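Okay, so here's the structure we're looking at.
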Amino acid sequence: WSSAVGLSIWLSHAASTGQLRIAGARLLELGAGVGLPGLLCGQLGADAPSQVTLTDLSTQLVDCMQANAERNAKDGAPAPKVAVLNWDDRSADLDCDEYDIIVGADLVYNPAHVTQLVQTVLPRLATGLSTLVLVEPGMYTDAEFDTRNGWAELKVALAAVGTVELRRMQLALLEHRATSGSTELTSGSTELWTRGAATHNAGGDREGGAGTDTHRLETGEVGQSAHPSSLEPMAYADLELLIFRKEVLCLMPPLAQPE
């Protein structure tokens, strides 16, 4: 899924630039499918989480994730854990009660998912600097994004209990062809352009952001070096990234009254 690829690229970039502290974190992936974002996080070396848990409702997908985790195991790295998770089951037993980071790609396509997702996420986000990161497909206008069933409702529900930051992104599959003797070589890479940001706080205010950032995931090699400008876009996918942090109430002790 393009959302999973976009989320993977952003997580890798965020970890290397300090935008999101993944190193040593307890990370949970919801609706993981084949487990790409979570498995990638487990491969980040010094930036890797201390624990990765991949979940989905389907036992067949969980079996697939287990096989993928075993195929991509690295010496010395903790093996990701996989589990069936039904969002309706609030008593589901996972390896942790709380997680520092929860991620998910392409999770919301039915308004009924909103309540289930919020009830699943909030109790499992650790108190403090915990973060939820979701990516959904869409277009570049609010109206077009909000036609994604349940996505607009989810943003409203999360903004009521914390801070929601939105980033518009475009994923591009790039291809470059070079000839080495009689062999035609193809190199692929995937780029993610971050088109800007907007932040919604718990009060519903919106702050506009600016700037464009580009992150690249190389997926092949060519027989000769190729400048990025020579890579031809083959396909595009428009995405929206949501970063959510719970509001933390800091209760100060009462000031001592002067005698």
Side-chain angles (χ1 to χ4, degrees), residues 1-12 14-15 20 22 24-45 47-126 130-137 148-151 154 171 190 217 219 237 239 241-242 244:
W1 297 275
S2 59
S3 298
V5 175
L7 177 59
S8 300
I9 296 173
W10 186 86
L11 287 170
S12 176
L20 182 63
I22 296 178
R26 298 163 296 176
L27 185 143
L28 171 67
E29 183 176 359
L30 301 174
V34 298
L36 177 62
L39 290 174
L40 178 138
C41 286
Q43 304 280 337
L44 292 178
D47 291 325
S50 63
Q51 184 173 333
V52 175
T53 304
L54 310 174
T55 65
D56 211 303
L57 178 62
S58 165
T59 55
Q60 288 182 319
L61 286 175
V62 168
D63 290 342
C64 177
M65 287 188 288
Q66 183 64 54
N68 286 339
E70 292 171 0
R71 289 190 190 102
N72 291 278
K74 272 193 171 183
D75 292 339
K81 299 184 179 181
V82 299
V84 173
L85 178 60
N86 184 339
W87 295 355
D88 286 326
D89 183 5
R90 300 187 195 179
S91 63
D93 185 22
L94 296 178
D95 51 327
C96 282
D97 292 331
E98 293 185 330
Y99 292 87
D100 306 299
I101 301 172
I102 299 178
V103 302
D106 205 0
L107 299 184
V108 183
Y109 43 87
N110 185 325
H113 295 163
V114 175
T115 300
Q116 296 170 316
L117 182 55
V118 171
Q119 290 177 348
T120 297
V121 165
L122 291 183
R124 289 188 167 90
L125 275 176
S130 56
T131 307
L132 169 70
V133 182
L134 302 177
V135 171
E136 289 289 318
R148 179 77 169 170
N149 287 338
W151 184 235
L154 178 64
L171 187 71
T190 308
L217 179 67
T219 58
L239 307 170
L241 175 80
L242 181 153
F244 167 78

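Just so it is clear, the structure is predicted and the values come from calculations on it, not from any experiment.
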Legend entry - Heavy-atom closest contact (G38 atom, L54 atom, distance): CA-CD2, 3.7 Å
Legend entry - Minimum side-chain heavy-atom gap I22-D47 below 4.5 Å: no
Inset, instruction - Determine whether V118 and F244 make a side-chain contact, defined as any pair of heavy atoms from C-beta on separated by less than 4.5 Å. - result: no
Legend entry - Heavy-atom check, side chain of L30 versus side chain of R124, under 4.5 Å: no
Inset, instruction - Side-chain contact test, heavy atoms from C-beta onward, threshold under 4.5 Å: evaluate it for V52 versus E29 and give yes or no. - result: no
Inset, instruction - Locate the shortest heavy-atom distance separating L239 from S3; write the atom from each residue and the value. - result: CD2-OG, 3.9 Å
Inset, instruction - Taking S12 for its side chain and S8 for its backbone only, find out whether a donor-acceptor pair lies under 3.5 Å. - result: no
Legend entry - Within-4.5 Å side-chain heavy-atom neighbours: L107 and W87: yes
Inset, instruction - Hey, could you give me the CG/CG distance between L7 and L134, rounded to the nearest 0.5 Å? - result: 8.5 Å
Legend entry - D56 to A32 - nearest heavy-atom pair and separation: OD2-N, 3.2 Å
Legend entry - Smallest separation among heavy atoms of V34 and C64, with atom names: CG1-SG, 4.0 Å
Inset, instruction - Would you indicate whether the side-chain heavy atoms of E136 and D106 approach each other to under 4.5 Å? - result: yes
Legend entry - Heavy-atom check, side chain of V135 versus side chain of W10, under 4.5 Å: no
Legend entry - Nearest atoms (heavy-atom pairs only) where M65 meets V82: CB-CG1, 4.0 Å
Legend entry - Residue pair L85 / T120, side-chain heavy-atom distance below 4.5 Å: yes
Legend entry - For the student: nearest non-hydrogen atoms of Y99 and L27, plus distance: CD2-C, 3.8 Å
